[in-house]
2 protein chains.
Amino acid sequence: MAKMIDVARLAGVSVATVSRVLAGSAHVSRETREKVLRAMADLDYKPNLLARNLRKMESKTIVVVIPDISNPFFSDVIRGIQHVAKEHGYHVLLGDTQNDVDAEWDFIEMIKERAADGVILVTARTSPEKIMEMAQEVPLVMACEYIQGAELPMVTIDNVISAKRVVDHLAALGHRRIGFIAGPLHVIISRDRLQGFVLGLREHGLEQDSSLIVEGDFSIPSGYDQAVRLLQLPEPPTAIFASNDEMAIGAVKAVKQMGLKVPQDVAVVGFDDIPMATVIEPALTTICQPKFEIGKKAMEILLQLIQQSNRSHGHLKLPEKLIVRDSCGGRLKG
Amino acid sequence: MAKMIDVARLAGVSVATVSRVLAGSAHVSRETREKVLRAMADLDYKPNLLARNLRKMESKTIVVVIPDISNPFFSDVIRGIQHVAKEHGYHVLLGDTQNDVDAEWDFIEMIKERAADGVILVTARTSPEKIMEMAQEVPLVMACEYIQGAELPMVTIDNVISAKRVVDHLAALGHRRIGFIAGPLHVIISRDRLQGFVLGLREHGLEQDSSLIVEGDFSIPSGYDQAVRLLQLPEPPTAIFASNDEMAIGAVKAVKQMGLKVPQDVAVVGFDDIPMATVIEPALTTICQPKFEIGKKAMEILLQLIQQSNRSHGHLKLPEKLIVRDSCGGRLKG
DNA sequence: CTGTTAGCGCCTTCAG
DNA sequence: CTGAAGGCGCTAACAG
């Protein structure tokens, strides 16, 4: 593998000049540049990034920490991140934690080892304190998840408002008794969605029956189980709002299993708009998070953090969209 | 950020000794080791990987090149890769090409820039010649995809046999007129699956009507369109075998749309066993590739390639599984 | 516009 | 068992 000095010798210049050509510096005469370029081509020269990185004390790499790459929700976020990363010459290291807290922290610490220049957290099971402390020292951005009141860059949607919009939709359709399958309540976005749900209920003067609120774990089976619970109530709901699409899919299965129809007997709404939402029948009405945009924005902010030590970013909330498909039907009869 | 010399000074030893402790060398007395360890802890010392990598001329990073991270098929392969990578202290760089050939090549070339020690190709749109040439020079493994007759490590299933097994299954169920939706025929695994299909037909003495073979592009809409074509034939098939699950899902939609039932009127089989296959109704009978295992195996082989220059690996074929769900029903009536 | 030179932080002989 | 010293290949002052 040819190195810089080989190019320099072949072109009859110094390594500094070669380096300048590589950097696209303007302070090189056209003919010298061409000589160098030719020598590089002749030798099939590729700069050694290991050396460059050490010299510049940067890795041109960022880590994106996600709980589980198999979860389709994250792939669009990652695509957004990679899109911006690529434009700026950054590589994206995959930090799939498989829901392991230690793994999460290991990935974050890669920055201190200079194996990465920054980190985007799309999951945060580590304690908020540790994360906030780390964010003081290294470029760190949170996406999708966030920490309440934290002074660090976070890119999410407004989960409260989004959930409330679903209730608006359901109320407009005539539903007055709505069941809610919450996500695990120890994560903040689950609590936000619940809060938005309750807010909507109140605003539309709908029943607030605590037996209509159940808690799942974001999985299809838990959506199924909790939907069964709701449907077995003495006075079952006419609509079920699940806090993510997986649980909504489970709920649809439960409704069908009990011999009822979606949306005629029970309307179902999801959250996130994953690809599966269009495959299930009926296609799911759901909230679409701008996943790609969230990834892009998170990466853009991270870049700013890396370039200057500008720690002045706060919580950015991107607009979500309500996608109306078939799982809620038209207006309720009666 | 403390560096090695700081630790050395605090512990009253030389940098060489600190380096030895870091490497876990046995040639350090217990008390010296403890002194050093304490100094490292006191200073919160983290080795600078940039420097280490340059010195050892390695990046402890591998690139996994995939066509599209949003395609759920690949996430399990990546998980397998990451699982092994992690065990061996390697990082995984994401090479999502978005189906762009140039991007593919750029990721492969990262090895020459020493930004990665090896590459796993889960897609290969670059010319076989270029890839084979590159494989001579750098550690490279192919997974899922392969190049016919190439002398490089490849980990896949046997697509011919797998497809034949599907025909076996359908034939056993009594189907004699089977439609086949091929993948894009310029990719080899599509041709393999077609070949297996024809082989099965022949073996079971079934009709070989060329109008029963159509070509899609692995997408849901193409599966839908091609299924419609098959069903509109004067003598439509009683079963449709799609070359991947997405097309099978499209086919199921087409069947239903035409007022027919799966599996009663038309059986449908897919290929790959993606998560969606269990969500669609009826749940898809399909071929399950050992994706996680393929990823693991590919990474293990890559590691061997990196460690020794052992280029003696060939084409490894892992066993697939036929997953029987509901989309084929029981035996055909009559 | 071009060349010389001093490191970046670490690992690894080679001595002792 | 421990220390001294020479680079890995590149970039960025500093000179000229």
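Naming: A, B, ... by sequence-line order, numbering from 1 per chain. Since we're looking at a predicted model, the values are computed, not measured.
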Could you tell me which residues satisfy side-chain hydrogen bond (donor to acceptor under 3.5 Å, both in side chains) with B/E104, sequence neighbours excluded, listed by chain and number?
-> B/T126
Can you sort out which residues in residues 31-49 of chain B have a heavy atom within less than 4.0 Å of DNA chain C? Ascending by number, please.
-> B/Y45, B/P47, B/N48
Within the pair A/S19 and D/dA12, is there a side-chain N or O less than 4.0 Å away from OP1 or OP2?
-> no
Please state how far atom CG in A/L50 lies from atom P in D/dC8, giving the value in whole angstrom units.
-> 14 Å
Is the shortest side-chain N to carboxylate O distance from B/R30 to B/E34 below 4.0 Å?
-> yes
State whether A/K297 and A/E300 are salt-bridged, where the test is any N-O pair (Lys NZ or Arg NE/NH1/NH2 against Asp/Glu carboxylate O) under 4.0 Å.
-> yes
Round to the nearest Å and state the distance from B/E113 atom CD to D/dG9 atom P.
-> 15 Å
Are the charged groups of A/E137 and A/K112 less than 4.0 angstrom apart, N to O?
-> yes
Nucleotide C/dG7, atom P - distance to CE of B/M4 in whole Å | 20 Å
Within the structure shown, what part of the strands sits under 4.0 Å from B/V13 by heavy-atom distance: base, sugar-phosphate, or nothing?
-> sugar-phosphate
Heavy-atom nearest nucleotide on DNA chain D taken for B/A16 and for B/K56; more 5' hit belongs to B/A16
Round to a whole Å and report the spacing from NZ of B/K3 to P of C/dG9.
-> 4 Å
Can you name the one residue among B/D44, B/L43, B/D42, B/V36 that meets side-chain contact (heavy atoms from CB on, under 4.5 Å) with B/M40?
-> B/V36
For B/H27 and D/dT2, what is the distance between atoms NE2 and C1' respectively, to the nearest whole Å?
-> 12 Å
Grab the CD-P distance between B/E58 and C/dC10 for me, whole Å please.
-> 15 Å
Most 5' of B/M57 and B/S29 on DNA chain D, judged by nearest nucleotide | B/S29
Any Lys/Arg nitrogen of A/D76 or A/R79 sitting under 4.0 Å from an Asp/Glu carboxylate oxygen of the other?
-> yes
Below 3.5 Å, does any donor atom in the side chain of B/R20 face an acceptor in the base of D/dG3, or the other way round?
-> yes
Measure from CG on B/L54 to P on C/dG9 and round the result to the nearest Å.
-> 12 Å
side-chain contact (heavy atoms from CB on, under 4.5 Å), paired with B/E145, selected from B/T156, B/I189, B/V122 = B/I189
Tell me: CZ of A/R9 to P of D/dG9, nearest whole Å?
-> 12 Å
